[in-house]
Amino acid sequence: MTTDSQPIIKVENLQKAFGDLKVLQGIDIEIQKGEVVVVIGPSGSGKSTFLRTLNLLEMPTGGKIIVDGVDITDKSANVNLHRQKMGMVFQQFNLFPHMTVLKNMTIAPMKLLKKSKAEAEAKAMELLEKVGLADRADAYPSQLSGGQKQRVAIVRALCMEPEVMLFDEPTSALDPEMVGEVLEVMKQLARDNMTMVVVTHEMGFAKEVGSRVVFIDEGVIMEENNPAEFFENPKSERLQSFLAKVL
Amino acid sequence: MTEWFEKFKADFVLNFLDDDHWMWLLEGLGQTLLITFFAVLLGIAIGVVIAIIRSTFDKNRETLKARNRFTYGLLAFFNAICNIYLTVIRGTPVVVQLMIMYFVIFASSTNGTMVAVLAFGINSGAYVAEIFRSGIMAIDKGQFEAGRSLGFNYIQTMIYIVVPQMFKVVLPTLCNEFIVLLKETSIAGYVGIEDLTKAGDLIRGRTFSAFMPLIAVAIIYLAIVMLFTWLVGKLERRLRNSDH
């Protein structure tokens, strides 16, 4: 990974509090184009909140998030335009149940990017083909398995041609035998040089695909490193004890 | 037996056929249906507006407070007005509202039907607003977030994603509101409107025979309500079957 250019995302002293509860207490990180940053940490550590602040599903209560040189926490920033460039995949899939798979994928490009129906559908079918779900284009979400739903959710986000993809525990709600098919799609995405920020408990994925692994605990980044160093030589005690529990 | 039947027949003729009394019931029914229909439309219009204001305020309070104080203030103001409306309308009897409307606010109007439509519509709007709002709130938060994360703004997310799902949730309840309203309009006689109930009462006053006209009125209401309940049931089953 080349890291000499301007970072695509630059986070400075990011803070988020829910009332008195301080979830994020000053996060600083730079993410380069094409990087796969895997975020791990104990539950309640703020890792999901961190991810959600990146596309302002949670409003930060302090600090800056600079994307492509624009501070999106600034009042004048166009949040909707920013979100178009940042795809998000949720733990609970959140497919639209009243639309077919194809409609799920084409509605945003048609309404927001003003693509024609044919154009949007062609792109959607191409992506469905890639993840092996072209034959399910006319199915409704309730007719899909969990793994299929999540693969559709990933390609739905890709239809907007985002610059960055955010994954919020994408495999946590899946039956074990379906985790692999979703991770495979994510690996493919990483090989295609997509910039990704992934919150996950899949340590194998972090080791294999991550260009950097970040450990968040108590609302701050405790430690970050390349996967090899991160898992072989954890420096902080907190990370050592955390890894001892999960590995 | 024949004696009883003769008396029944005489009563029937007296109450329904003499002087074309049955026409009174028919006209009364027309009046009742007319008031109910337009009151429901008005109620839905008011309900949609209020539900959207209230749920928008609830959902975006924090974001707006941080990013756009003017919109926040505006929305908070409208939200407060909605809350006052809901409290007053739901906290006072509809018959009192109807009389205030007729004898105070529109004291100079002679169009009783219009006043009744307004009174019942404004009353129904408060209940419909809560039906819609609970429908919007019943939609999983993740649906909303998925819409926003694709880049839809708040209104677009509402139109394309939340409202179509909400509609399915609230349709049966909405139909029930229609049934409730139909029966509620029976108090329209208080302000001199000759609706179905009033028509029955007028016949009773003419013939001094209470049983037949009042039972007839009850049966007509019951028949309409049963018809609608049946239709709602059918609708509910259809919605459930198409549940994707």
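To find a chain, count down the sequence lines: A is the first, B the second, and so on, and within it residues start at 1. All values derive from a computational prediction rather than experimental measurement.
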Structural part of A153(A) lying under 4.5 Å from a heavy atom of chain B: neither
Donor-acceptor pair, side chain of N55(A) and main chain of S149(B), under 3.5 angstrom: no
Spatial distance of atom NZ (K103(A)) from atom OH (Y160(B)) [nearest 0.5 Å]: 9.0 Å
Residue R52(A) versus chain B: region with a heavy atom under 4.5 Å: side chain
Check: F96(A) main-chain N/O paired with Q165(B) side-chain donor or acceptor under 3.5 Å: no
Under 4.5 Å from a heavy atom of chain A, the part of K141(B) involved: side chain
K115(A) NZ: over 12 foreign heavy atoms closer than 6.0 Å: yes
Option among L56(A), N80(A), V79(A) that satisfies the side chain to side chain contact (heavy atoms under 4.5 Å, CB included) test with R148(B): N80(A)
Part of M160(A) within contact of chain B (heavy atom distance under 4.5 Å): side chain
Pairwise distance CZ(F152(B)) to CD(Q84(A)) - rounded to 0.5 angstrom: 9.0 Å
Close side-chain approach of N94(A) and D140(B), heavy atoms under 4.5 Å: yes
Close side-chain approach of M88(A) and E145(B), heavy atoms under 4.5 Å: no
Heavy-atom contact with chain B under 4.5 Å, split by part of T73(A): backbone
Verdict with supporting geometry, L57(A) and F144(B), side-chain contact (heavy atoms from CB on, under 4.5 Å): CA-CA 10 Å; L57(A) 284 181; F144(B) 210 84; over 6 Å; no
Taking every non-hydrogen atom, the tightest pair across Q143(B) and P97(A): OE1-CD, 3.4 Å
Heavy-atom side-chain proximity of L150(B) to R83(A) below 4.5 angstrom: no
